[in-house]
Amino acid sequence: MLVVVTGGSGSGKSAFAEDRVLSFGEARRIYIATMQAFDEESHRRVRRHRRMRAGKGFETIERYTELDELILPKNCVVLLECMSNLVANEMFREDGFHPEVSEKITEGVRNLLSQAEHVVIVTNEIFSDGILYEGESEKYKEQLGQINCNLAEMADAVVEVVYGIPVWHKGGEKA
């Protein structure tokens with residue numbers, strides 16, 4: 001089963017996604033962390049998320065790129081957080097700018113689904129700010145949007161968390 005959780009910054013989507021993973025019952029829980037911490041703010045966010053997961057039985061795998069090559073324990077439950085970071089990591093690599101990553105990342109998600117019992121993916125809703133971007137920033141939004149559409153099509157459930165309230169767009173609470 002694939003569950004996609006989206007929402008704005010600070011919406012409660014991470015806590016909701018963790019609860020969704022816990023709702024699947026006893027299983028080997030894998031947390032795929034995609035954020036590379038470069039500054040104090042990102043280190044603070046990583047620490048906050050670690051505290052949120054503490055005591056919930058998650059094993060953390062830090063994976064910033066190449067999701068399509070990741071090997072997981074069979075029948076585990078995966079929480080990938082977050083797609084937005086993964087897209088940025090794949091696009092803005094040390095070896096240069098890679099403007100087309102949607103197919104590669106979608107294949108990476110298929111790789112996870114082929115190994116895990118359940119996959120929950122957190123992504124960000126960044127498309128309603130009304131700001132027109134140019135160049136690489138616009139390309140990033142386009143790629144994330146395409147990936148989010150691909151995920152929604154593949155997903156059993158899509159839920160947007162708004163002010164801590166889940167709004168189901170596909171599937172439903174039983175998904």
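All residue numbers in this chain count up from 1 along the given sequence.
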So do the side chains of Met154 and Arg110 get within less than 4.5 Å of each other, counting heavy atoms only?
-> yes
Begin from the C-alpha positions of Arg29 and Glu59 and carry the test side-chain contact (heavy atoms from CB on, under 4.5 Å) through to its verdict.
-> CA-CA 6 Å; Arg29 297 180 185 126; Glu59 299 171 43; over 6 Å; no
Shared hydrophobic cluster, Val4 / Leu67 (ILVMFWY, side-chain heavy atoms < 4.5 Å) = yes
Say whether Leu79 and Leu113 are linked into one hydrophobic cluster, either directly or through other cluster members, by side-chain heavy-atom distances under 4.5 angstrom.
-> no
Given side chains that start at C-beta, do those of Val21 and Tyr31 come closer than 4.5 Å, heavy atoms only?
-> no
How long is the gap from CD1 on Ile61 to CG on Leu80, to the nearest 0.5 Å?
-> 10.5 Å
Any Lys/Arg nitrogen of Arg47 or Glu40 sitting under 4.0 Å from an Asp/Glu carboxylate oxygen of the other?
-> yes
Arg63 and Glu66: which non-hydrogen atoms are nearest, and at how many Å?
-> NH2-O, 2.8 Å
Evaluate the side-chain proximity of Val5 to Arg20: yes if any heavy-atom separation is below 4.5 Å, no if none is.
-> no
Linked, directly or transitively: Ile105 and Val3 (ILVMFWY side chains, under 4.5 Å) = no
Under 3.5 Å donor-acceptor, Thr65 side chain and Asn89 backbone = no
May I ask you to test the His169-Val159 pair for a side-chain heavy-atom distance under 4.5 Å?
-> no
Any side-chain donor paired with an acceptor under 3.5 Å for Glu90 and His98?
-> no
Interatomic distance, CD1@Ile71 vs CG@Asn111, rounded to 0.5 Å, equals 6.5 Å
Verify the neighbour count for atom CD of Glu153: are there more than 12 heavy atoms of other residues, nucleotides or ligands below 6.0 Å?
-> no
Where do Glu18 and Met52 come nearest, in terms of heavy atoms and distance?
-> OE1-O, 3.3 Å
Should Leu151 and Leu112 be counted in the same cluster of Ile, Leu, Val, Met, Phe, Trp and Tyr side chains packed under 4.5 Å apart?
-> yes
Rounded to the nearest 0.5 Å, the CD atom of Glu142 sits from the CG atom of Leu144 at a distance of 11.0 Å
Would a distance-only check, ignoring hydrogens and angles, find a side-chain to backbone donor-acceptor pair under 3.5 Å from Gln115 to Leu72?
-> yes
In terms of side-chain heavy atoms, does Arg48 have a donor or acceptor partner in Ser14 at a distance below 3.5 Å?
-> no
Compare every heavy atom of Pro166 with every heavy atom of Phe16, then report the nearest pair and how far apart it is.
-> CE1-CB, 3.6 Å
Value for NZ (Lys56) from CG (Leu22), rounded to nearest 0.5 Å, stands at 6.0 Å
Taking all non-hydrogen atoms of both residues into account, name the closest pair between Thr34 and Leu86 and its distance.
-> OG1-N, 3.8 Å
Under 3.5 Å, is there a donor-acceptor pair between the side chain of Lys170 and the main chain of Ala152?
-> yes
Does Thr123 offer a backbone N or O that forms a donor-acceptor pair with the side chain of Asn148 under 3.5 Å?
-> no
Intermediate values then yes/no, side-chain contact (heavy atoms from CB on, under 4.5 Å), Thr60 and Arg53 | CA-CA 10 Å; Thr60 300; Arg53 291 191 312 275; 3.3 Å; yes
His118 vs Phe24 aromatic rings, parallel, tilted or perpendicular, using cut-offs 30° and 60°?
-> parallel
Would Ile121 end up clustered with Val101 when hydrophobic side chains under 4.5 Å apart are linked, directly or stepwise?
-> yes
Donor-acceptor pair, Lys139 side chain versus Met91 backbone, under 3.5 Å?
-> no
Report, as yes or no, whether the 6.0 Å neighbourhood of atom CD on Glu69 holds more than 12 heavy atoms from other residues, nucleotides or ligands.
-> yes
Heavy-atom check, side chain of Glu117 versus side chain of Val78, under 4.5 Å = no
In Å, rounded to the nearest 0.5 Å, how long is the span from CD of Glu107 to OG of Ser102?
-> 10.5 Å
What closest approach, in Å, do Ser84 and Tyr140 show between heavy atoms, and which atom pair accounts for it?
-> O-OH, 2.9 Å
Ile165, Val162, Val161 screened by side-chain contact (heavy atoms from CB on, under 4.5 Å) with Ser11, the one that passes = Val161
Shortest non-hydrogen pair, Gly7 vs Glu160, comes out as CA-CG, 4.4 Å
Say whether Glu62 and Tyr64, considering side chains only, have a donor N or O and an acceptor N or O under 3.5 Å apart.
-> yes
How long is the gap from SG on Cys82 to CG on Asn124, to the nearest 0.5 Å?
-> 4.5 Å
